[in-house]
Amino acid sequence: MTHSGGYVADPRFRAIEWLPWLLALLCFFVAPSYLPLGSYVLTMIIFALSLDLVVGYAGIITLGHSAYFGAGAYIAGIFAARVSTEPLTGLAISTVGAGLLGLLTGVVILRTRGLALLMLTLAITSLCLEFANKATGWTGGADGLGGFAIQPILGLFKFDLFGKTAYLYCLVFLFASWWLVRRMVYSPFGASLTGIRENDVRMNAVGAPVYMRLVVSYTISAALAGLAGALLTQTTQYVGLKVLGFELSGELLVMLILGGIGRIYGAFVGPLVYLLAQDYLAKQFPEYWYFGIGMILVLVVMFVRGGILGIVDAGIAKWRGASA
Amino acid sequence: MNIGKAAVLAAAIASLAIAVNASAQTIKVGVITTYSGPGAAQGDQLDKGFKLYLKLNADKLPAGVKVEPVFRDDTGANPDAARRLAQELIVRDKVQFLTGVVWTPNAAAIAPLTAEAKVPFVIANAAGVTIPLASPYVARVSFTLWQASYPLGQWAAKKFKRAYTVVSDFAPGHEAEEGFIKGFKEGGGQIIGSARVPMTATDFIPYMQRVKDAKPDVLFAFNPAGKQATAQMKAYADLGMQKTGIKYVGPGDITTDEELQNMGDAALGVLTVHHYSAAATRPANKAFVAAYKKEYGEKLNPGFMAVGAWDAMDLIFQLIRDQKGKIEPDKTMELVKKYKTANSPRGQIVIDPETRDVMQNEYLREVRKVGGALANVEIETVGTLIKDPWKVFNKKK
Amino acid sequence: MQDFLSSLVSVAFHGLAYGMILYVISVGLSVTMGLMGFANLAHGVFAMAGGYVMLTAINSQGAPFPLAVAGAFVAVALGSMVLERLLYARLYTAGELEQVLFTIGLIFMAVAVARLIYGALPQPVHLPEYMKGQLRFLGRDFPTYRVFLILFSIAIAALLWFGVERTRWGAMVRAAVDNRAMAQSVGVNTTRLFTLTFSLGSGLAALGGALGADIIAIQPTYPFEHLVYFLIVVAVGGLGTLRGPFVAALLIGVADTACKYWIPELGAFFIFAATIGILLWRPGGLYGRAAT
Amino acid sequence: MNAALEVRKLCKSFGALKVADEIDFCLERGARHALIGPNGAGKTTFINMLTGRLRPSSGQMLLGGEDITELGQAARVKRGLGRTFQINTLFLKLPVIDNVALSVAEREGVAWRMFRAANAHRGVIDESMDLLQTLGLAEDARNSVARLPYGKQRLVEIAVALGLKPRVLLLDEPAAGVPSLESHRILEVLAALPGDIAILIIEHDMDLVFRFARRITVLAQGAILAEGAPAEIAENQRVREVYLGERHV
């Protein structure tokens, strides 16, 4: 159940992998008043999936993935404000744009490793933030960019106040992203990323173009992050500077580790648990919810390495061991 | 066992029924403010203002009607989160009013939503000039930066020749700068330099050194109330700019009543124009300040944000009373345009029926020592029931 | 020309003051990251704690300024020693990701606790009279407090240099940074060394936070807001050296100040661009051992 | 032209330290060639230059007659140059078969494929399995490398290199760290390697060297001290002085 890919891993779908989709649809009918939060969770899951690809599989530790999320979000916003409010075109352009930014920056920074790489990613997203802050003519600066109304999808489905359309819109694109990521994880390409994470010296020695492969995976991941960002813009019809802050990258990394990295579904469980906990705690204790979240993080690190799915796996293994 | 279960179930159903019954007369008010992140200090002011009003005025509603506030944390200038919270408040909590909001971008992101959902939105702080134009369901009881800066510019031009402006780099900062410059230039003054400081800045010394070296007669400053205002004031003092004869002026945000004591004697003599001072001697204000101190401690002064929250809640209560607890959005907005009170802690305020923005008096104040503590002492009323000048100028065009 | 020269002097002066504060806060982080390989993002928590301890001592206990500063150092150093033994020590062998997650968790908790105790407002700083006002030399006024800051920080840097280069403890630290297994095999008690070094690093951060409270306001979100700058100092300077963060902090302090003075519209652009440039040029930092 | 790998006047210095001093060297096709020398003689540096991990200060390297001096690591591997490491450099957490399959996939040029499942690449998997079979690792195929004893891990190291179907194979101390009881197993494997691969082995275990190699080159202080058949080397007085004398009593 770890979905680590590779040549002996069976890529066929297990029954349980349909569960998230069933739950997501169930949510749509059972908890209609939670759909705005739901759309946000779905968006963050896409973002977390993109991060899992680079952090969990390729082993690139980054605190700057918000650069691409933010790029997608702002491209979608600027496109809607200046060119057209047609959603699918905007989404496509944002995804490609963020991917290009990923390619450009990846080419520059992926030659480094460790702390230097971490700081470079951080500096890049901070630089993007400064840029968006200063280019007020295009981005609205600290005031954010809004005042556009996204057209109905395909001219048919209007974005409604209750967030039904937005929710399904996000769900469809999450499904597509998940399908893509899952395929990649189980492919030879995915296996080679795992190889690079485990031992890049060896990958070089078997003739793998390690750097190029990292750049490609980084680009794909950036494009996915851009997609998530664009979805956020279109469903909230507003973009603010926070989408580019490194705090968002940090938060996302926290969500991903909380769920479990390098296992696809960690990117599902992490954001869901984190955002629900935040939603609940922020309402019960608006001033102090940070404490609860912090506590959860510390406990997870202290007692359950491998995140929530790590616990689940350990539990299952124990249970099987006991019954066998 | 079974009987026990049944009893529990029955009790549960009964309590549910009571809850449903009670909610029939409960009007939910969604309050969006900032409890965490760098802007928590500002959000705290709003929170205290709302809670104080609710506590003291619960009996001023029609019989059987209750107001239930639903507080939400937008974590700072975070428009997409704010918008989502507003959306949730509307669809999940079914609030009939929205209020609060410290930050202009957040209010700007929420406003279009209120037009779609027809939920009246009373802005308690966010001051960006254009927000009320974004939706017919927005009203504002706080202020705009033009309201203070433009008259300040006119007034300053009578005393000083050369001015330098240093403002925070976001919409309210730009508006304050434009308002002051327009007023100052119309009065014949000259602007010798302007700087915009990022909102994340903590150290103002480099910017202020530059001002000092340029030797203006007067320095116009604006920061979002809070630590930046203090930091800039400190830089002014550390560099000894008082001695070199550079006068420090700005809208009231730079010497807010809650922050003032942190600024120290550096603030003495600073001139500001604003609609509210905790030191004002109107009876309504004296009562308000006394209640505030009783609730939150003797050391704590209410600032203009607490007053904004207080007045926002007062407007909402008035609207509830006028409709006897049955809220209809369109009628509500008609009633909003008729709102006026003389009992605000800041004196009389009126909602401008044209723009749904507040009209209020602006006072020139000087920071002086009153009974050992610093205070914004009102020395002159520079304008009575001023409309937002920006909207006046931009209508003429 | 006269004007330009004098503005050059003030930029250098203010940049120096800001840089020195950054140095005192960050040097501990550089050493712990170099020595223990621990990605301690929560370093700013100790700086904030130092600030709070000092301000509480002054504002509510009426302690004299020097005593309050010393108290901040001691209290935080002791506190961090407990934290290191109870929590950090258990994660030395964990992966970087776990360390990041753990320290972010610590930041969250510290932010909430600070807010609970002190509220959201930045704490007022009341300096003693003799620290206020301006000193006049070279025909210009300089704020007294900043003059003191610079001198004091330089003294600390010198003391640290002496400690690391000339004492037994320093020799052990250098040995352990170079090769931990080797140091252990020649009888260095690395556990105790780590604890002491960690608490010294945290104590220094507290000192920086306390002394710098007038420049970098003490409020609950402090550990988040300034983390990037601490990390930049460490990464640009290079891990596990004393000279690296010193030069990096000065560079950042002066460059940042110059940027604000002459081209304020650039904002923080320059700092980040410079960081990217330096790290691409020398991934190990200015004085880090060459990365392979 | 019968050389699989040829090196001309190869030099490398780190500062003032010369670790390779005008090395001229030739590896015949199908050679069984050993490179020996005392610690610090520059053997591993030499290998690292051959594989492209280190750039030489000057000199020239030819692989099958083609100049590879300016080529990167990956390009040399593509042209048939494989290596093993002195210290295991494997994917410890991955199954044994994935270690080999990753290398086979690179050679087959399928490693860029993103959509077809790795599991569906039967050719890659079968070939990896065959390799493991030959090396007697078949039953460990699905275990992670970390769980194997060190001796077997050394074999995996060789299997990974063989997955590249190299024309030239550089073995950096294949028996290093292996208990002497198990080193015969390594020798068996080496002896059974296809005859058309040119093999250069660096080894300290003289027993293994003399049983395996048909030709020996002795390196000392970055320069070639002697070269010849095992018997000649064993007789060479200078070699005995600087090297064999100390060890091979």
Side-chain angles (χ1 to χ4, degrees), chain A residues 55-56 59 61 63-64 105 108-109 111-131 133-134 201 245-247 250-251 253-258 261-262 278 281 285 287-307, chain C residues 33-34 37 39 41-42 87 90-91 94-116 119-120 220-221 224-225 227-228 231-232 234-236 238-239 265-280 282-285 288 291-292:
Chain A
V55 176
I61 298 184
L63 271 176
T105 51
V108 175
I109 65 173
R111 292 200 185 272
T112 61
R113 285 287 183 291
L115 180 67
L117 179 56
L118 192 75
M119 291 310 302
L120 283 171
T121 58
L122 213 152
I124 281 175
T125 195
S126 304
L127 205 61
C128 291
L129 177 73
E130 274 302 308
F131 183 75
N133 189 20
K134 293 294 172 191
V201 176
F246 91 94
E247 291 88 349
E251 225 181 350
L253 192 61
V254 162
M255 291 183 213
L256 182 61
I257 306 174
L258 185 69
I261 64 165
Q278 187 190 64
L281 291 171
F285 320 99
E287 284 109 330
Y288 310 115
W289 61 267
Y290 261 121
F291 191 85
I293 296 274
M295 192 76 163
I296 293 172
L297 298 184
V298 170
L299 289 178
V300 163
V301 177
M302 282 291 155
F303 298 107
V304 279
R305 307 259 171 98
Chain C
M33 276 175 97
L41 299 188
L87 299 174
R90 298 169 60 174
L91 292 174
E96 275 169 336
L97 282 179
E98 258 105 8
Q99 296 175 349
V100 165
L101 189 65
F102 166 74
T103 49
I104 289 183
L106 275 190
I107 298 182
F108 278 10
M109 288 165 74
V111 166
V113 169
R115 179 147 159 61
L116 183 69
T221 51
F224 266 127
E225 275 180 54
L227 175 64
V228 181
L231 282 175
I232 286 180
V234 171
V236 167
L239 287 180
E265 51 289 342
L266 259 186
F269 234 79
F270 178 78
I271 290 288
F272 295 120
T275 304
I276 292 175
I278 291 176
L279 285 178
L280 287 176
R282 301 193 67 135
T292 45

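All figures in this text were calculated on a predicted structure; none of them were measured in a lab. Proteins come first, then strands; the chains are lettered A, B, ... in the order of their sequence lines, and each starts at number 1.
Both the backbone and the side chain of A:V108 come within contact range of chain C, judged by heavy atoms closer than 4.5 Å. For chain A, the nearby parts of C:I232 are the backbone and the side chain; heavy atoms of each come within less than 4.5 Å. Of the atoms belonging to A:S126, heavy atoms from both backbone and side chain fall under 4.5 Å from chain C. With a 4.5 angstrom heavy-atom cutoff, C:I278 does not touch chain A via any of its atoms.
No donor-acceptor distance shorter than 3.5 angstrom exists from the side chain of A:T125 to the backbone of A:L122, with no hydrogens or angles considered.
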Start with the C-alpha gap between A:I257 and C:E98, add the side-chain angles, then the distance that decides, and say whether side chain to side chain contact (heavy atoms under 4.5 Å, CB included) holds.
CA-CA 8 Å; A:I257 306 174; C:E98 258 105 8; 5.6 Å; no
Working note: C:L227 + A:F246, criterion side chain to side chain contact (heavy atoms under 4.5 Å, CB included); need CA distance, chi angles, decisive distance, verdict.
CA-CA 10 Å; C:L227 175 64; A:F246 91 94; 4.0 Å; yes
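Your options are A:L118, A:L129, A:L120, A:L253, and the one with the most heavy-atom pairs under 4.5 Å with chain C is A:L120. When C:L91, C:I104, C:L97, C:L41 are compared by the number of non-hydrogen pairs under 4.5 Å with chain A, C:L97 comes out ahead. Note on C:L101, C:L279, C:V236: by heavy-atom pairs under 4.5 Å with chain A, the leading option is C:L101.
Counting non-hydrogen atoms of neighbouring residues, nucleotides and ligands closer than 6.0 angstrom, the CZ atom of C:F269 exceeds 12 such neighbours.
Not counting sequence neighbours, the partners of C:F108 by the ring-ring contact (aromatic ring centres under 6.0 Å, His included) test are A:Y290, C:F224.
C:Q99 approaches C:A94 most closely through the heavy-atom pair NE2-O, 3.5 Å.
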